[in-house]
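Presented below is the structure to which this report refers.
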Amino acid sequence: MAWVHDDAATAETIAPHACRCCRPDSPPRLTGVRGLISPSPMPPWEPLAEDALLLRFGEVIDAALNARVHAAAALLRHQLHGVECVPAYASLLLRFEPAQWEPTAHASSWQRVAEAVRAVLQMPVPVQENPREVELPVLYGGDCGPDLATVASYAGLSEAEVVARHCAGRYRVAMLGFAPGFPYLLGLDPALASPRRAKPRLSVPAGSVAIGGQQTGVYPQALPGGWQVIGRTPLSLFDMRAESPARLCPGDGVRFRAIDQAEFARLSAMPEADR
């Protein structure tokens with residue numbers, strides 16, 4: 001399915017993508033989870049395919065709701081081995097091997113998985129936090145950020161103030177979607193919220209840092225898009241040749257650091273593994 005990236009107004013119109021840390025063969029990364037995960041009610045669920053079901057925690061883009069999704073994903077990865085957990089803004093996709101969950105006379109494969117999920121979510125489990133924060137250097141404005149002035153105009157701020165506020169934010173990867181490795185980040189300063197462009201670009205350069213509504217994100221490849229582009233990072237966010245192709249995973253913390261043209265050129269010239 002092709003996804004047009006002109007807006008992210010609703011929580012479930014964007015296709016979530018799995019990264020390496022979401023797969024069932026990866027060790028648990030309990031990012032953002034502290035001490036004890038308290039029992040939580042079983043959310044509504046629905047089958048999506050022979051080997052998948054979807055847990056729905058809500059219908060809106062909300063940081064607290066997204067935190068519930070990530071807490072559930074961390075707990076299920078920790079307790080329900082062999083099930084892949086792919087978080088989105090307000091839902092959690094579960095992929096499983098049907099042969100391991102064969103239907104019985106009283107329950108389908110989906111029902112068996114759902115009952116296992118229900119049992120796990122009702123158990124308080126002590127976990128070890130394993131936080132990760134990734135810093136992304138960004139060259140703001142100019143050719144790398146052609147919409148910086150537009151965002152400044154919307155916000156009633158100078159371009160320098162927009163950059164300062166954008167770098168001051170502490171962001172969380174709510175989900176990966178739209179394209180492999182594209183991080184949707186929560187934590188944008190409300191003053192920087194900006195509507196999408198009236199005319200989307202046919203190609204936004206890889207590494208472009210952009211604002212769409214109350215979200216910010218980074219284009220991992222050259223892609224069409226309608227968000228306001230305010231800068232660009234020289235780091236690659238997605239590399240199929242890497243052991244973990246996506247630089248960022250759902251639940252990661254992200255900080256932006258402003259750099260100048262000289263540092264951008266220096267980093268761009270370095271081998272990707274050294275950046």
Side-chain angles (χ1 to χ4, degrees), residues 2-6 8 14-23 25-27 29 31 86-88 130-148 163 166-167 169-188 200-212 215-275:
W3 294 87
V4 178
H5 181 64
D6 60 352
I14 309 161
H17 289 275
C19 61
R20 184 177 183 272
C21 56
C22 297
R23 297 202 307 253
D25 59 344
S26 300
R29 293 184 64 255
T31 301
V86 186
N130 183 25
R132 188 176 82 135
E133 186 169 278
V134 180
E135 181 183 87
L136 298 180
V138 178
L139 177 59
Y140 288 92
D143 292 340
C144 289
D147 299 322
L148 180 59
V163 172
H166 194 260
C167 290
R170 299 184 69 88
Y171 303 94
R172 178 188 178 97
V173 181
M175 62 174 283
L176 301 181
F178 164 53
F182 187 105
Y184 285 85
L185 305 179
L186 291 174
L188 181 70
R201 293 182 173 92
L202 295 179
S203 181
V204 177
S208 291
V209 177
I211 292 174
Q215 305 161 100
T216 190
V218 187
Y219 288 77
Q221 304 100 25
L223 296 162
W227 286 17
Q228 306 284 356
V229 177
I230 62 172
R232 191 182 307 166
T233 179
L235 304 187
S236 172
L237 264 69
F238 189 79
D239 182 359
M240 280 295 296
R241 299 165 297 181
E243 180 182 0
S244 181
R247 182 179 292 271
L248 300 175
C249 282
D252 283 348
V254 176
R255 296 295 299 268
F256 293 104
R257 177 174 64 87
I259 61 175
D260 58 20
Q261 183 68 57
E263 186 172 359
F264 184 90
R266 180 180 64 81
L267 290 172
S268 298
M270 293 173 60
E272 183 59 39
D274 298 332
R275 296 184 197 176

Heavy-atom closest pair, residues [X] and [Y]:
X: E263; Y: D260; result: N-OD1, 2.8 Å
X: P183; Y: V173; result: CB-CG1, 4.1 Å
X: V163; Y: A258; result: CG1-CB, 4.0 Å
X: W227; Y: I211; result: CB-O, 3.4 Å
X: A210; Y: T216; result: O-OG1, 2.8 Å
X: P220; Y: A206; result: O-CB, 3.9 Å

Got [X] and [Y] here, is their nearest side-chain heavy-atom distance under 4.5 Å?
X: P137; Y: T233; value: yes
X: P146; Y: R201; value: yes
X: M175; Y: P250; value: no
X: L267; Y: I259; value: yes
X: L188; Y: L185; value: no

For the pair Y184 and F182, name the ring-plane relationship: parallel under 30°, tilted 30 to 60°, perpendicular over 60°.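 Aromatic pair Y184/F182 classed tilted.
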In terms of relative ring orientation, are H166 and Y140 parallel, tilted or perpendicular, with 30° and 60° separating the classes?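 Because their plane-to-plane angle is over 60°, the rings of H166 and Y140 count as perpendicular.
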Is it the case that the side chain of [X] and the backbone of [Y] share a donor-acceptor pair, with hydrogens and angles ignored and the cut-off at 3.5 Å?
X: R247; Y: S236; result: yes
X: S203; Y: P224; result: no
X: Q221; Y: P180; result: yes
X: R232; Y: V138; result: no

To the nearest 0.5 Å, what is the distance between [atom1] ([X]) and [atom2] ([Y])?
X: R257; Y: L136; atom1: CZ; atom2: CG; answer: 10.0 Å
X: R132; Y: D252; atom1: CZ; atom2: CG; answer: 4.0 Å
X: S208; Y: I230; atom1: OG; atom2: CD1; answer: 10.5 Å

Quickly, which of V209, V254, L248, L235 forms a side chain to side chain contact (heavy atoms under 4.5 Å, CB included) with V218? Name it, please.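 Checked V209, V254, L248, L235 against V218; only one passes side chain to side chain contact (heavy atoms under 4.5 Å, CB included): V209.
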